[in-house]
Structures are given as C-alpha cells and as structure tokens.
2 protein chains.
Amino acid sequence: MIELEQLQHLVTFQECQTLSKAAKQLHISQPVLTRSMQKLEEELEVNLFNRTKNKIAFNETGLLAVSLAKRILDDTKDMKKQLVDFDRKLHTFAIGSCAPAPLSYLSRKFSQFYPQRTLLTEIKDMYILIKGLKEKDYTIIIMPYDIENEQIESIPFMEEQLFFSLPLNHPLAHKKSISLKEMDGEKMLLMSNIGFWNDMHKKTMPHTKFLIQNDRSVFYDLVELSTLPSFTSDYVMKTEIMPQNRVIIPISDAQSHATFYCWYLRENESQLRTLLYHL
Amino acid sequence: MIELEQLQHLVTFQECQTLSKAAKQLHISQPVLTRSMQKLEEELEVNLFNRTKNKIAFNETGLLAVSLAKRILDDTKDMKKQLVDFDRKLHTFAIGSCAPAPLSYLSRKFSQFYPQRTLLTEIKDMYILIKGLKEKDYTIIIMPYDIENEQIESIPFMEEQLFFSLPLNHPLAHKKSISLKEMDGEKMLLMSNIGFWNDMHKKTMPHTKFLIQNDRSVFYDLVELSTLPSFTSDYVMKTEIMPQNRVIIPISDAQSHATFYCWYLRENESQLRTLLYHL
DNA sequence: AAATGTTACGGTTTACGTAATTATC
DNA sequence: GATAATTACGTAAACCGTAACATTT
C-alpha cells in the first residue's frame with residue numbers, strides 16, 4: 001500500500017528538485033529518498049522519473065503524481081484539524097449569557113463540578129443566545145425570563161438587583177431609593193459588555209450620557225476617584241471590594257431587578273443533572 | 001505521521017464492528033489492530049472510541065474520522081488509477097486511419113520498430129481524425145490527401161487501387177476495365193468498416209445496393225460462393241489468398257485510386273523519425 | 001573537486017504473531 | 001465456555017544511516 005510518508009517525500013523532492021536537497025529538508029539521508037521513490041514507482045506501477053546515471057528528474061506522470069499527492073496530503077492534514085476541532089466542540093461546555101453576574105456565578109459552579117472540561121463563555125444579545133442554544137453552539141444559555149416548550153426547559157437560579165452608586169456629596173445621596181427617571185440626564189460611568197442591562201439603561205435613561213469603560217480595574221479606579229454616578233448590584237457588592245466614598249441607593253423601578261434562568265435543551269438534561277442540581 | 005494503512009484499518013474496523021472480525025478480514029492478528037488504533041488516536045490527538053474492558057466502540061469523533069478516512073483512501077486509489085491511465089496514454093501510440101489497407105500496413109511497420117509499445121488503431125471519419133490529431137488523441141493519422149502547415153506535416157507512403165471482383169460468368173467479365181457508373185445499380189458485396197471508401201461507393205454508385213459484411217472470413221466465403229460482384233484492391237490481393245472463380249478488372253475512374261499520407265504534428269517529429277524513415 | 005544518485009552492508013528499531021490476562025455475555 | 005480486547009514477550013522483518021561506488025559538472 002502507498003504510504004503518506006512516500007507522498008510527502010515525493011512532494012518535497014519536487015519542491016527541492018534534487019534528492020539531496022530534499023533529504024536535507026526532510027532530515028533524512030539520500031539513500032532513504034532513493035529507495036522511497038523507487039518503492040513508490042513500484043507500488044503505483046508507473047515510472048515517475050527520467051533517470052540518468054546521476055540525475056533524476058520528473059516526467060509528466062511524475063508531475064501529475066505530485067499534484068495528486070499534494071491534494072491527498074492536504075486532505076489528511078485537514079482531517080486531523082477537523083477531528084481536533086470536532087472533538088473540542090464535543091467536549092466544550094459553552095455558556096451564553098445575557099448578563100455578566102449570572103455568568104460569573106455559573107462559571108464558578110461549572111468549574112467545581114466539571115474541572116477537567118473546557119468552558120467557553122460569552123455575553124451576547126438574547127436573540128443570538130436562543131439561536132445558539134437551538135443550534136447547539138451553547139449547552140446552556142442564561143436568560144432574564146423563563147420558557148417551557150418541547151425542546152427547551154428553564155430553571156431559575158439567581159436574582160440580581162441594581163443600585164445606584166453615588167458620591168457622598170451627590171444631591172440625591174440622602175434618599176432611601178431613587179428611580180431611573182430621577183437620574184436620567186446625568187453623566188454616568190458604565191462597564192462595557194454588561195449584556196441586556198445595557199439595553200435597559202439606554203431605554204430607561206435616554207438622556208444620560210454613559211461613559212463606557214472596557215477595563216474593570218480602570219472602571220473601579222474611576223468610580224473611586226471621580227464624582228460620577230455609576231451602577232452596582234447586590235452580586236457585585238458580594239464579590240468585589242467596594243469603595244468607601246460612595247453611597248449605595250436602591251433603584252425603585254422593577255426593571256432594575258432580574259431573575260436569571262438557565263435554559264437548556266431537554267435532550268441534554270442527563271448530562272446537566274449534576275450541575276443543575278447544585279445551582 | 002498518519003499512515004494510510006491505519007486509515008484502512010479504521011475503516012475496516014467500522015465495517016466489521018469488532019476488532020477481531022476486522023483482523024480476520026485484514027488477515028492480521030487482533031493485537032496489531034489494537035495497537036494500530038491506539039497509535040492513530042495518539043497521532044490525531046483525539047479519542048475515537050469508547051472503551052470498556054473488553055469492548056471498543058466508535059464515538060462521534062470516530063465516526064467522523066471514518067468518513068474522512070474513506071475519502072482519503074478513495075482518493076489514493078483514484079490516484080493510482082489516474083496515474084496508470086495517464087501513463088498508458090503517454091506510452092500508447094495511436095493511429096487513426098481513413099481506410100483499412102494503409103492502417104494494416106502501418107501497424108505492421110510500427111510493431112517492427114516499437115515492439116514494446118502499445119498500439120491503438122482506429123478507422124474513423126476524416127474530420128474526426130483531424131480533430132483527434134490536433135488534440136493529440138492520435139499520434140499519426142492516415143489520410144487520402146496531403147497537407148502542409150505550421151503544425152502538421154504529411155508524407156505519402158502507400159498507394160491503393162480498387163478493382164472489381166466479378167464472377168466468371170458476369171456480363172462484363174471480359175472487359176479490360178470498367179467504370180463505376182457501368183456497375184451502378186447492381187447488388188454488391190461490401191466489407192464494413194472500410195472508412196472513406198464507403199463514402200466514395202455511396203456517392204459514385206447511388207443505385208447499388210451494398211450487402212454489408214462485418215466478418216472478413218464470412219465476406220470471403222460469400223465472395224467465393226455467391227455470384228455477387230465485390231471490390232478488392234491491389235493491397236488486398238498482395239496480402240490475402242484470392243478465390244479462383246473470379247475475374248479481377250481494373251476500375252477506370254480516378255476515385256478508385258488513393259494515395260495515403262501519414263499526417264503528424266511537427267512537434268512529434270523527433271520521436272517518429274525512425275518509423276517515418278522506414279515507411 | 002564538488003555534487004548527485006544508486007547500491008551494499010551492518011545494526012538498530014519496529015512491528016508482527018503467539019501466548020497470557022482480564023473481562024463480558 | 002466462548003468471545004473480545006489488551007498487554008507481554010520473543011523473533012523476524014523493515015528501515016535507517018554510513019560507506020563505497022559511479023557519473024557528471
């Protein structure tokens with residue numbers, strides 16, 4: 001049977017033009033190449049070269065063989081790549097979320113129960129999440145409302161309440177609670193990549209200019225050093241150290257509260273049971 | 001590097017479902033297959049199977065691997081076939097002719113000078129011959145007229161003269177020569193596959209009914225046993241044994257004589273020199 | 001003299017099959 | 001007890017690199 005190694009030799013030979021150069025490039029000795037090419041000709045039952053005493057050159061058939069060999073070698077390299085990709089996808093647990101807090105929570109849970117598995121997490125728009133769940137790009141998606149149908153099941157696992165974080169000398173700093181509307185129009189600091197909260201802010205506070213920060217530590221520095229109002233949440237306050245020069249005031253609107261649900265395909269229920277049980 | 005043998009093992013395993021059956025089919029021992037599959041997994045850096053103590057079954061990745069492997073194996077089998085075909089075509093000498101006599105003559109010459117090469121001969125319509133020569137389906141074509149242009153050269157190498165072959169008691173049997181027109185209207189015996197002569201007969205003797213014979217020996221039997229007129233030629237008379245109960249009479253028309261030319265592409269002149277020189 | 005390809009030879013590696021082992025039906 | 005897969009082990013085949021050789025530039 002022909003072997004891929006021989007085809008690789010053939011292609012390298014063609015690229016290098018002489019057996020000796022090809023041998024160097026392949027890190028083998030010339031005699032090996034001589035024999036390899038002889039064997040290939042035997043197995044293919046065709047002459048691939050014009051040989052003189054100390055010269056060996058490709059004939060037409062040989063050149064055709066090179067082009068066919070290249071294709072086969074490419075295919076096998078592709079094969080490996082495809083399999084590795086497929087396998088990774090198979091063993092990767094992908095979580096898509098509409099917000100950062102529940103994703104952070106679920107990630108931690110996940111790594112407790114499946115420490116060896118690869119985890120992929122994303123914050124995306126909700127319509128993308130739903131599409132991705134159906135197409136099995138996500139094993140689980142995190143949504144701020146529930147659902148129940150033939151394919152999809154959802155279970156609630158976490159709540160999050162937003163607060164305003166105001167500097168001590170802010171005019172509203174003394175209040176017990178503040179509505180979104182009351183704050184609308186002020187400049188505010190905001191983290192980027194906060195999922196559906198972003199949409200909520202834009203809708204409920206259309207006159208506010210949000211100063212978006214990508215970097216979390218820069219965001220915290222700005223919160224501490226500037227006098228700009230910002231948002232925080234009960235989850236963030238539990239998990240992060242909060243600055244001292246701020247007043248935390250509840251937001252009165254219902255939109256500032258979310259219940260997060262795990263959505264998953266019923267067909268995957270068995271493999272998810274452990275995780276779901278411990279949420 | 002992955003080897004094709006491993007891929008073949010993989011595919012056979014999938015077809016047989018167990019390693020032992022696959023081993024039998026491949027005429028090797030189980031341990032070889034066990035190791036072969038282990039090595040394949042190592043090289044691909046993926047698990048292809050679900051193993052229990054005495055069971056090994058394909059997982060999803062394994063099944064994908066099988067389908068990819070099949071494609072590669074098919075490609076390599078194709079590769080061999082393509083190369084053999086290409087090589088044969090490269091080494092095949094193809095002669096197309098407008099008539100049987102010069103083809104028979106040239107074939108004999110050819111096998112004298114290139115006894116080891118494969119020869120392919122065909123009698124075809126002249127427009128097909130010219131097309132085939134240009135497209136290199138034919139190395140040489142035999143035509144009843146000459147040509148001379150940039151690509152094609154022609155050299156005359158043989159003449160053929162047709163005769164009527166009449167039974168002894170035929171009304172015209174006594175004549176020194178006969179024209180085609182004189183015989184037009186009579187039933188005649190004719191060999192099939194006689195190339196351009198066929199067109200000539202149809203044109204010059206539109207009222208004659210030709211009784212076409214495929215088999216040469218049947219044709220000769222009929223010539224000998226029937227009283228139907230037929231054609232023969234100087235070439236045929238030289239190479240075949242002629243029946244005794246016939247009169248051979250020259251045909252007076254110019255169309256009954258042909259000079260045959262070898263046409264070939266100038267670019268092939270060097271490889272044809274030996275043959276052309278000895279025509 | 002330098003470079004190229006092929007053949008010869010010796011030693012190591014590889015790879016095979018048999019046999020033994022473990023597990024399942 | 002029969003079948004299946006894996007592991008262990010000794011032997012035979014394969015393969016590689018060095019060296020020697022033959023040609024060519």
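The shown structure was predicted, so the numbers you read here are calculated from the model rather than taken from an experiment. So that the names make sense, note that chain A is the first sequence line, chain B the second, and so on, each numbered from 1.
- Which of dA23(C), dA4(D), dG5(C) sits closest to the side chain of Lys53(B) comes down to dA23(C).
- Rounded to an integer number of Å, the gap from CD1 of Ile56(B) to P of dT24(C) is 15 Å.
- Rounded to whole Å, atom P of dA2(C) lies 13 Å from atom NZ of Lys24(A).
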Do any N or O atoms of the protein come closer than 3.5 Å to N or O atoms of nucleotides 8-16 of chain D, and which pairs are they?
none

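- Although no hydrogens or angles enter the test, the distance criterion places a donor-acceptor pair under 3.5 Å between the side chain of Glu41(A) and the main chain of Leu48(A).
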What's the verdict on ring pair (Phe, Tyr, Trp, His ring centres under 6.0 Å) for Phe110(B) and Phe93(B), showing C-alpha distance, side-chain angles and the deciding distance? CA-CA 9 Å; Phe110(B) 176 85; Phe93(B) 202 100; 4.6 Å; yes
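- The distance from atom CD of Gln17(A) to atom C1' of dT4(C) is 14 Å, rounded to the nearest whole Å.
- Counting heavy atoms from C-beta outward, Met158(A) and Tyr261(A) have side chains that stay 4.5 Å or more apart.
- A ring-centre distance under 6.0 Å is found for Phe58(A) and Phe49(A).
- Ranking dA3(C), dA4(D), dT6(D) by closeness to the Asn54(A) side chain, first place goes to dA3(C).
- A donor-acceptor contact shorter than 3.5 Å links the side chain of Thr139(B) to the backbone of Ala94(B).
- For Gln38(A) and dT7(C), the shortest distance from a side-chain N or O to OP1 or OP2 is below 4.0 Å.
- The distance from atom CE of Met37(B) to atom P of dT7(D) is 15 Å, rounded to the nearest whole Å.
- Gln38(B) CD: more than 12 foreign heavy atoms inside a 6.0 Å radius.
- Here the nucleotide nearest the side chain of Thr34(A), chosen from dT6(D), dT6(C), dT4(C), is dT6(C).
- Nearest to the side chain of Ser20(A), among dA23(C), dA5(D), dT4(C), sits dT4(C).
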